[in-house]
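Taking it in order: structure first as structure tokens, then the write-up.
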Amino acid sequence: MNLKDKINRIEELKKEKNAVIMAHYYVDGEVQGVADYLGDSYYLSHAATTIDKNIIVLCGVKFMGESAKALNPEKKILLPASEAECPMAHMATVESIREVREKYEDVAVVCYVNSTAELKAESDVCVTSANALNIVSKLPNKNIFFIPDKNLATYISKKLPDKNFIFNKGCCYIHDRITKEQVALAKELHPDAKLLVHPECKSDIADIADYVGSTSEIIRYVKESSDNEFIIATEEGVLFELNNVAPEKQFYTVTKEQICPGMKMVSLDNIIEVLENESSQIEMDRELIDKAKIPMEKMLELAKK
Ligand code: 13P
Ligand code: SF4
């Protein structure tokens with residue numbers, strides 16, 4: 001099948017199966033192109049609660065499918081790339097959460113949504129990069145155990161000096177491996193470009209950024225900016241939407257390695273396959289759904305205020 005046939009087939013299947021397609025900004029451009037809902041992790045979590053179709057095809061990594069399932073237990077959530085994992089989602093442990101709870105009386109366990117359902121189930125509230133600062137600032141607790149991402153935790157902790165952050169060692173290696181030296185080189189090559197950084201990057205990069213934000217916040221910043229050139233320190237998939245919203249502007253990545261292998265496993269072919277067969281469904285037992293749902297719903301509630 002050529003590209004046009006694949007797109008037509010997906011449209012046909014969506015109608016036949018009463019399905020919608022949701023995609024994160026990090027998947028391939030042609031997958032973003034067929035999405036009914038395209039956005040960052042927060043947008044996708046929120047949008048999943050508003051959909052009245054039977055089937056959600058989640059073009060992203062597994063934790064995103066699990067989040068959608070926890071919020072919509074009665075729906076079929078299909079993950080086109082069944083093996084698509086986010087390594088960071090596994091970089092904290094239930095044991096460490098329980099230890100911290102034993103040690104501190106007044107602690108909130110804040111779970112970045114990039115985590116397994118088992119970790120969410122042990123946490124008090126979920127956050128995404130778009131709402132972490134807002135939500136943590138509203139928590140009454142002095143002590144914040146932030147899992148799994150040490151870089152996002154560091155970024156938020158600097159903005160909330162009255163809180164006592166307990167850090168976890170996880171990180172996203174795609175963002176974490178971008179170095180200050182590489183950023184300096186990119187700035188030398190593009191001296192007029194503004195540096196836009198995702199908070200999953202190391203803090204020495206966030207510290208020198210012109211703007212730090214989630215993928216959707218970076219896109220909004222570019223749309224509203226009067227500048228014309230931007231160095232983007234996040235996964236390169238976001239450039240697809242940046243070029244859509246601001247085709248006259250120039251975008252550069254810091255390195256050629258800003259590619260998330262899990263996100264890039266999603267393709268038009270595996271979307272067609274899962275829709276045809278209703279395969280690769282997210283399966284979670286009811287107890288896990290009920291527990292993981294609580295911090296997810298708390299996030300949605302606190303993010304609104
Ligand atoms: P946002 O979608 O919150 O920008 O986070 C990026 C990410 O790593 C998703 O996996
Ligand atoms: Fe996980 Fe990083 Fe990929 Fe996001 S970009 S899904 S945090 S590995």
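All ligand and atom numbering here is 1-based and tracks the order in the structure.
Regarding atom 5 (S) of ligand 2, its nearest protein heavy-atom neighbour is Y26 CE1, 3.6 Å.
Distance alone, capped at 3.5 Å, places no donor-acceptor pair between the K180 side chain and the I208 backbone. Judged by distance alone, with hydrogens and angles left aside, the side-chain atoms of N18 form no donor-acceptor pair with the main-chain N or O of K53 at under 3.5 Å.
Within the structure, every pair that satisfies the salt bridge (charged side-chain N to carboxylate O under 4.0 Å, His left out) test and touches residues 106-135, not counting sequence neighbours, is listed here: R98-E122, R101-D124. Residue pairs meeting the side chain to side chain donor-acceptor pair (under 3.5 Å) criterion with at least one partner in residues 273-283, sequence neighbours excluded, are R9-E276, K17-E278, K76-E278.
Hydrophobic clustering (side-chain heavy atoms under 4.5 Å, transitive across Ile, Leu, Val, Met, Phe, Trp, Tyr) keeps Y155 apart from Y211. One hydrophobic cluster, built from ILVMFWY side chains closer than 4.5 Å, holds both V125 and L160.
Looking at H90 and T116, their side chains come closer than 4.5 Å, going by heavy atoms from C-beta outward. Taking the side chain as every heavy atom from C-beta outward, F230 and K249 approach each other to under 4.5 Å.
If you look at Y173 next to ligand 2, there are no close heavy atoms at all, none under 4.0 Å.
Listing protein N, O or S atoms at distances below 2.8 Å from atom 1 (Fe) of ligand 2, with waters left out, gives C86 SG.
Atom NZ of K75 is surrounded by more than 12 heavy atoms from other residues, nucleotides or ligands within 6.0 Å.
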Note to self: If you apply the rule salt bridge (charged side-chain N to carboxylate O under 4.0 Å, His left out), what do you find for K264 with E235, and how did you get there?
What the structure shows: CA-CA 11 Å; K264 297 305 194 238; E235 214 273 358; 3.1 Å; yes
Anything under 3.5 Å between an N or O on ligand 1 and a protein N or O? List each pair with its distance, or write none.
{"from": "ligand 1", "atom 1": "2 (O)", "to": "H24", "atom 2": "NE2", "distance (Å)": "2.6"}
{"from": "ligand 1", "atom 1": "2 (O)", "to": "S41", "atom 2": "N", "distance (Å)": "2.8"}
{"from": "ligand 1", "atom 1": "2 (O)", "to": "S41", "atom 2": "OG", "distance (Å)": "2.9"}
{"from": "ligand 1", "atom 1": "3 (O)", "to": "S129", "atom 2": "OG", "distance (Å)": "2.6"}
{"from": "ligand 1", "atom 1": "4 (O)", "to": "S129", "atom 2": "OG", "distance (Å)": "3.4"}
{"from": "ligand 1", "atom 1": "4 (O)", "to": "H198", "atom 2": "NE2", "distance (Å)": "3.0"}
{"from": "ligand 1", "atom 1": "4 (O)", "to": "T215", "atom 2": "N", "distance (Å)": "2.9"}
{"from": "ligand 1", "atom 1": "4 (O)", "to": "T215", "atom 2": "OG1", "distance (Å)": "2.9"}
{"from": "ligand 1", "atom 1": "5 (O)", "to": "H198", "atom 2": "NE2", "distance (Å)": "3.3"}
{"from": "ligand 1", "atom 1": "8 (O)", "to": "N114", "atom 2": "ND2", "distance (Å)": "3.4"}
{"from": "ligand 1", "atom 1": "8 (O)", "to": "E200", "atom 2": "OE1", "distance (Å)": "3.4"}
{"from": "ligand 1", "atom 1": "8 (O)", "to": "E200", "atom 2": "OE2", "distance (Å)": "2.9"}
{"from": "ligand 1", "atom 1": "10 (O)", "to": "N114", "atom 2": "ND2", "distance (Å)": "3.2"}

